[in-house]
A.B. asks: 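One structure, pasted below without further comment.
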Amino acid sequence: MPYLLSAITLLPLLGSLVILFIPRGQERWVKIWSIAISLIPLALSAYLWFSYDFRAGGIQFEEVYNWIPAINVRYRMGVDGLSIPLIGLTALLSTISLYYSAFTIKERIKEYYFLFLLLETGLMGVFTSLDFFLFYIFWEVGLVPMYFIIGVWGGPRREYAAIKFFMYTLAGSVFMLLSILAIFFAEGTFDILQAAELRPFTDNFFIQSLAFWGFFLAFAIKVPMWPFHTWLPDAHVEAPTAGSVILAGILLKLGGYGFFRILLPIFPQAFNAFALVIAILALISIVYGALVSMAQWDFKKLIAYSSVNHMGYVILGVAAAAATPIGLAATNPDFQAVFDSKAIALSGAVLEMFNHGVITGGLFLLVGIIYERAHTRELREFGGLGSRVPVYYAVLTTAALASLGLPGLAGFVSEFLIFRGALVTLTPLAVIAISGIIITAAMFLWKVIQLMFLGPLKEKWVGLPDMTRWEIITMAPLVFLMVLFGLYPAPILDLINGAMVNLLGSL
Amino acid sequence: MPPINWPEVLNLLSPELILTTFAVLVLGLDLIWGRGGDRTAYVALLGLGVAIIASLRLLGANQEILFGMVAVDSFAIFFKVIAALTTALVILSSMEFMKRKTPYRGEFYGLLLLGTVAMNLLAAASDLIMIFLALEFVSQTSYVLTGFLRKDYASSEGGIKYLLYGALTTALTLYGLSLLYGATGATNLREIALSLASPDSPIAGERWLLLPALVFALTGFAFKISLVPFHQWTPDAYEGAPTPIAAFLSVGPKAMGFAVLIRFLITALPGTFQPDWVALLSAISIVTMTFGNLVAIQQENIKRMLAYSSISQVGYILLGVVALGSGSIGEQGVLIYILAYLFTNLGAFIAVVAFSHVTASDNIRDYAGLIRRAPILAFSLVVFFMSLAGIPPTGGFLGKLFVFGAAIQQGFYFLAIVGVVNSVISLYYYFGIVRQMFFLPAKSSESLPIPRSLVLGLAITLVMTLIMGLYPQPFIDLAVSSAQITPTLP
C-alpha cells in the first residue's frame with residue numbers, strides 16, 4: 001500500500017483543515033467528523049502493525065521524495081518495530097481523547113478539534129519521518145497546538161503552564177537543531193539512517209559529545225528526566241483531561257523515541273562514554289519521581305509525577321544497552337549473554353513506553369472522570385467510594401496495579417525486562433532502581449486505592465454516580481490492552497525485539 | 001577615462017529611472033487630481049511593479065557603471081526587488097490608514113517612491129562617495145516619512161529624534177570613510193582592497209589605522225540597521241511614525257543596510273582583514289540580539305515591542321554576516337533571512353494596522369480575546385510570531401536554519417548557541433501577545449472588519465511566510481544566485 005505512512009500522518013491535518021470550513025453552530029458535526037477522520041489512521045496503523053513483515057525486519061513502507069535538493073533534504077518516511085507500536089499508540093490515544101472530549105469540552109469546540117487533529121499529525125510525523133528536517137518540523141509543529149490546548153482549555157494556572165511547557169521544550173529542541181546542523185555540515189546529509197551509518201565525528205570526540213548533548217537535551221526535556229522535569233507537573237496538571245492523556249501518553253514518548261532512533265544509533269561511542277551519567281540521571285528520575293509522586297495529595301499531580309518515575313525506567317533501559325560491563329572482551333564467552341541482556345533491556349524500554357502510554361493515559365482519563373463528578377482531585381477528601389462506584393473502582397484498580405507493575409498486567413512485563421537487562425550491565429544502579437517499584441506500589445495502594453475507595457463513605461459522596469456507558473467505552477480498549485499485553489506480550493514484543501536486535505547489531 | 005556608453009548605462013539604471021519618473025508623476029498627478037490623492041497610490045503601485053520587472057530583466061548583468069560608482073549585479077538586483085516589494089506592501093497597508101490621518105497622501109506616496117530610489121542606490125553603491133550619498137538619501141526620506149503627521153506630537157518627536165541621531169552617525173560615518181580614503185587613496189571599494197593588499201600601501205605596517213576607520217564607517221551602517229548601541233532611535237521612531245512607515249523602516253532601510261555592509265566588507269576588506277571585523281561584529285551581534293529580546297519583553301505597546309523585536313532580529317542576521325567566507329552559506333543565509341523577515345515583519349505590521357483601524361489602539365492589552373473578534377487576524381499573527389520566533393514550518397525558521405547553520409559551518413559554536421537561546425527568549429514576548437489574543441476574554445465583543453487592501457496585504461505576506469517554510473527550494477535557489485557580488489578581488 002503506497003503512501004500508507006503519509007496517509008497516517010497527514011490525514012488528521014487534512015481533517016483539521018476541513019473543520020475550518022464547517023460553519024459555526026454545527027459543533028455536533030465537528031465532533032463527528034473529527035472522530036471519524038481519526039478512525040482512519042487508527043485502522044491504517046492496525047493494518048501497518050499486521051502487515052509489517054517482522055521476519056524481514058528493518059525499515060519498511062518507505063516513501064522517499066526529493067524535497068529541498070539544495071540542502072539535500074528529502075521527504076523520507078519509513079517504519080520499523082520501534083515506531084509501529086508508538087504509531088499505533090498515537091492513533092489509539094488520539095481517537096480515545098477525541099471521543100472523550102466530545103462529552104467534556106463545552107466551549108470553543110471548533111478550535112479544539114482543529115488543534116487536536118493538528119497535534120495528531122505532529123506526533124505521528126515524528127514517528128514516521130526518517131529525515132532530520134522533516135522530523136524537526138513535526139517535532140515543533142506538535143508544540144503549538146499543545147500550547148493552545150493547555151492555555152485555552154486548561155485549569156486555573158493554564159497560561160503559566162502553557163508558556164512554560166512551550167519554552168522548555170523549545171529550549172531543548174533548538175539545541176537539537178544545532179546538532180542536526182552540525183551533522184549536516186560534517187556529513188552533508190539530513191537523513192537519519194544515513195547519519196547512523198556514517199557515524200559523524202568519530203575522529204573528534206569533543207564535537208561528537210557536543211552534538212550528543214545537544215540531542216540529549218532535547219530528548220531529556222521531553223521525556224522528561226530529572227532535572228529537566230519541572231515543566232511536567234505544571235503542564236500535566238493544568239491541561240484538560242484529553243490534553244494530559246496525549247502529553248503523558250505520547251508527547252513524552254517523543255523524547256524516548258529520540259534515544260532509540262537518534263542518540264544510540266548515531267552516537268554509540270559518546271553514548272557509551274556517558275552511559276553511566278545518563279543512567280544515574282535515570283535512576284534519580286526513578287527514585288525522585290516515585291517519592292515526589294507519593295508526597296502528592298492532588299490525584300492528577302500524583303499521576304503526573306509517576307510519569308517521571310516510569311520514563312526513568314525507559315532511559316535506564318537505554319543506558320543499560322549503551323553501557324559496557326567492565327572488563328569484557330568480544331571473545332569472552334559471556335559476550336553473547338551480555339548482548340542478549342542489552343537487547344532485553346532495550347526491548348523492555350520500548351515496551352515500557354507503550355505500556356506507560358496505555359496505563360498513564362488511562363489513569364489521566366480516570367482522574368478526569370472523577371473530577372467531572374466531584375470537582376475536586378484532593379485525595380483526602382475522598383473515602384469509601386468503593387461501594388458507591390464499583391465499576392470505577394474496578395477500572396482504576398486495574399490501571400493502578402498495572403502501573404505499579406503487578407504481574408499479569410502490562411507494566412510488569414516491560415519493567416521486568418528492563419531490570420533483567422540492566423542487572424547485567426548496570427548492576428548496582430538496577431538494584432537501587434528496583435526500589436522505585438516498591439515506592440510506586442506504596443503510593444498507589446495507600447494514596448489512591450486506600451484513600452479513595454476504602455474506609456467509611458463520606459456523607460457528601462453518597463450521590464456520586466458511577467461511570468457512564470460512554471466513559472466505559474473510553475476506558476475499555478485501554479484496560480483490554482493492559483490485560484492482554486500483561487498475559488500475552490508476544491505479539492508486541494516480537495515486533496519490538498526484532499528492531500532492537502537489529503539496532504544493537506549495527507553498533 | 002573611457003567614454004560612457006549611454007544607452008547601456010540608461011538601460012542598467014532603468015529601475016531607478018522608472019521609480020524616479022513615477023515619483024514625479026505621482027506628485028504631479030496629485031496636483032492635477034486634487035487633494036486626497038488616493039488614486040495616486042495605484043499609480044505608485046504600478047510604478048513599483050514596473051520597477052520590479054525592470055530589475056529582474058537585468059538579472060545576469062555583472063558590472064560597475066558610472067566610473068565605479070554603482071554596481072549592477074544580481075546581489076544589487078535582489079535588494080532592489082526587496083526594496084520595491086517592501087514599498088508596495090507598505091503602500092497597500094497605508095491606503096486606509098493614511099486616509100484618516102492626513103490630506104497630503106499624494107506626497108506621501110511620492111516620498112515612498114523616492115525612498116525606494118534611495119534604497120536601490122544604496123544596494124548598488126560600490127564607492128565610498130556613493131555609499132555616503134545613498135545612505136543620506138535613504139535617511140532623509142525616512143526622517144520626513146517618520147515625522148509625516150506634523151500635527152501629531154508623537155510623529156514629530158519620532159522624526160526629530162531620528163534626525164538627531166542620524167545627523168550624529170552621519171558625521172561619524174563620514175569621518176570613518178575619510179580615514180579610509182586617507183589610508184588608501186581610493187574611494188572605489190575594489191580599489192581600496194587593491195591598495196590595502198599591495199605592499200606599498202600607505203598604511204602597510206600601520207594596520208591599526210584601519211580599526212578606527214572601520215569602526216566609524218560601520219557606525220553609519222549600524223545606525224540604519226539599528227544595531228546596538230546605535231538603536232536608540234528605533235522604538236521612538238516606530239512608535240511615533242505612522243504604522244505603515246514603522247513597517248517600512250523595520251524592513252526596507254535595514255535590508256539595504258545589510259546590503260551595503262556586506263558589499264563593503266566583502267569587496268573592500270576581504271581576506272586578511274576578516275578577523276578584525278569578525279571580532280567586532282560577533283560582539284555586536286551578541287549584544288544586539290540579547291538586548292533587543294530582553295527589552296522587548298517589557299513592552300506594552302505593540303509597535304515598541306516590534307521595534308525591539310526587529311533589533312533582535314538583525315542580531316540574528318548579523319550572525320550570517322560574521323560567518324561570511326568562501327564556501328560559507330552565510331551570505332545566502334542573510335539573503336534568505338531578509339526575504340523571510342520582509343514577509344513576516346511586514347505581515348505583523350499590517351496586522352497591527354488592521355487592528356488599529358477600528359480600535360485606534362496599539363496597546364498589547366487591547367489584543368485580549370482577538371480570536372473572538374477577528375479570527376483571521378489572530379490566526380495570521382500567530383503564524384507571523386511563529387516565523388519571527390523561528391518555529392517551522394515558516395520562512396523565519398528557514399532563515400534561522402541558514403544563519404545558525406552558517407555559524408556552525410564556520411565554527412562559531414558559541415554564537416550559534418547564543419542565537420538559539422535568544423530565539424527561545426523571544427518566544428516569551430511573541431507568545432505573550434498570542435496569550436492575550438487566545439487565552440484572555442475580549443473586552444468588547446464587537447467584531448473587527450478589515451479593509452480590503454489590508455486583507456490583500458495579509459494574504460500575500462501570510463502565504464509567502466508559509467510557502468517559504470514548506471517549499472523553500474526556489475527561495476534557496478534565488479539566494480544562491482543572488483549571492484554574487486560584482487568583481488571582487490581577482
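Lettering of chains follows the sequences in order, A, B, ..., and the numbering in each one begins at 1.
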A.B. asks: Given heavy-atom pairs under 4.5 angstrom as the criterion, report whether the side chain, backbone, both or neither of B/I329 touches chain A.
C.D. replies: side chain
A.B. asks: Can you tell which of A/E140, A/R158, A/M167 has the highest number of heavy-atom pairs within less than 4.5 Å of chain B?
C.D. replies: A/M167
A.B. asks: Among A/V144, A/L143, A/I68, A/I163, which has the most heavy-atom pairs under 4.5 Å with chain B?
C.D. replies: A/I68
A.B. asks: Out of A/L170, A/L210, A/I207, which one racks up the most heavy-atom pairs below 4.5 Å with chain B?
C.D. replies: A/L170
A.B. asks: For atom CD1 of B/I376, decide whether the heavy atoms of other residues, nucleotides or ligands shown that lie under 6.0 angstrom number more than 12.
C.D. replies: no
A.B. asks: Of the non-hydrogen atoms in A/L178 and B/I408, which two are nearest, and what is the gap between them?
C.D. replies: O-CD1, 3.9 Å
A.B. asks: Considering only heavy atoms and a distance below 4.5 Å, find which of B/Y413, B/F404, B/Y428 pairs most often with chain A.
C.D. replies: B/Y428
A.B. asks: Before you tell me yes or no, could you show the steps for B/Q473 and A/N66 under side-chain contact (heavy atoms from CB on, under 4.5 Å), namely the whole-Å CA-CA distance, both residues' side-chain angles and the distance that decides it to 0.1 Å?
C.D. replies: CA-CA 10 Å; B/Q473 179 67 28; A/N66 272 336; over 6 Å; no
A.B. asks: For chain B, which candidate among A/Y147, A/W139, A/F133, A/F138 shows the most heavy-atom pairs at distances under 4.5 Å?
C.D. replies: A/Y147
A.B. asks: Starting at CZ of B/F397, measure out to OH of A/Y136 and round the result to the nearest 0.5 Å.
C.D. replies: 6.0 Å
A.B. asks: Taking atom CD of B/Q298 as the centre, report whether more than 12 heavy atoms of other residues, nucleotides or ligands fall under 6.0 Å from it.
C.D. replies: yes
A.B. asks: Go through the atoms of B/F402 and report whether side chain, backbone, both or neither lie under 4.5 Å from a heavy atom of chain A.
C.D. replies: side chain
A.B. asks: With side-chain contact (heavy atoms from CB on, under 4.5 Å) as the criterion, how do A/F166 and B/I391 come out once you've worked through the C-alpha distance, each side chain's angles and the decisive distance to 0.1 Å?
C.D. replies: CA-CA 11 Å; A/F166 201 167; B/I391 295 170; 3.5 Å; yes
A.B. asks: Please report the closest heavy-atom contact between A/A171 and B/V424, naming both atoms and the distance.
C.D. replies: CA-CG2, 3.6 Å
A.B. asks: Rounded to the nearest 0.5 Å, how far does CZ of A/F185 lie from CD of B/Q410?
C.D. replies: 8.5 Å
A.B. asks: For A/L177, is it the side chain, the backbone, both or neither that has a heavy atom under 4.5 Å from a heavy atom of chain B?
C.D. replies: side chain
A.B. asks: Is it true that A/E111 and B/R372 have a side-chain N and a carboxylate O under 4.0 angstrom from each other?
C.D. replies: yes
A.B. asks: Check whether B/I425 gets within reach of chain A through its side chain, its backbone, both or neither, counting any heavy atom under 4.5 Å.
C.D. replies: backbone
A.B. asks: Between chain B and each of A/S173, A/P69, A/A182, count heavy-atom pairs under 4.5 Å; write down the option with the most.
C.D. replies: A/P69
A.B. asks: Counting heavy-atom pairs under 4.5 Å with chain A, which one of B/V480, B/I476, B/L427 comes out on top?
C.D. replies: B/L427
A.B. asks: Identify which part of B/V382 has an atom lying under 4.5 Å from any heavy atom of chain A, answering side chain, backbone, both or neither.
C.D. replies: side chain
A.B. asks: Give a yes or no on whether A/Y65 atom OH has more than 12 heavy-atom contacts from other residues, nucleotides or ligands under 6.0 Å away.
C.D. replies: yes
A.B. asks: Which answer fits A/A162, side chain, backbone, both or neither, if we ask what part of it has an atom under 4.5 Å from a heavy atom of chain B?
C.D. replies: side chain
A.B. asks: Check the orientation of A/F148 and B/F439. Use parallel for under 30°, tilted for 30 to 60°, and perpendicular for over 60°.
C.D. replies: perpendicular
A.B. asks: How far does NZ of B/K400 sit from CG of A/L181, to the nearest 0.5 angstrom?
C.D. replies: 13.0 Å
A.B. asks: Determine the minimum heavy-atom distance between B/P392 and A/V141, stating which atoms define it.
C.D. replies: O-CG2, 4.1 Å
A.B. asks: Take atom CZ of A/F205 as the centre, draw a 6.0 Å sphere, and report whether it contains more than 12 heavy atoms from other residues, nucleotides or ligands.
C.D. replies: yes
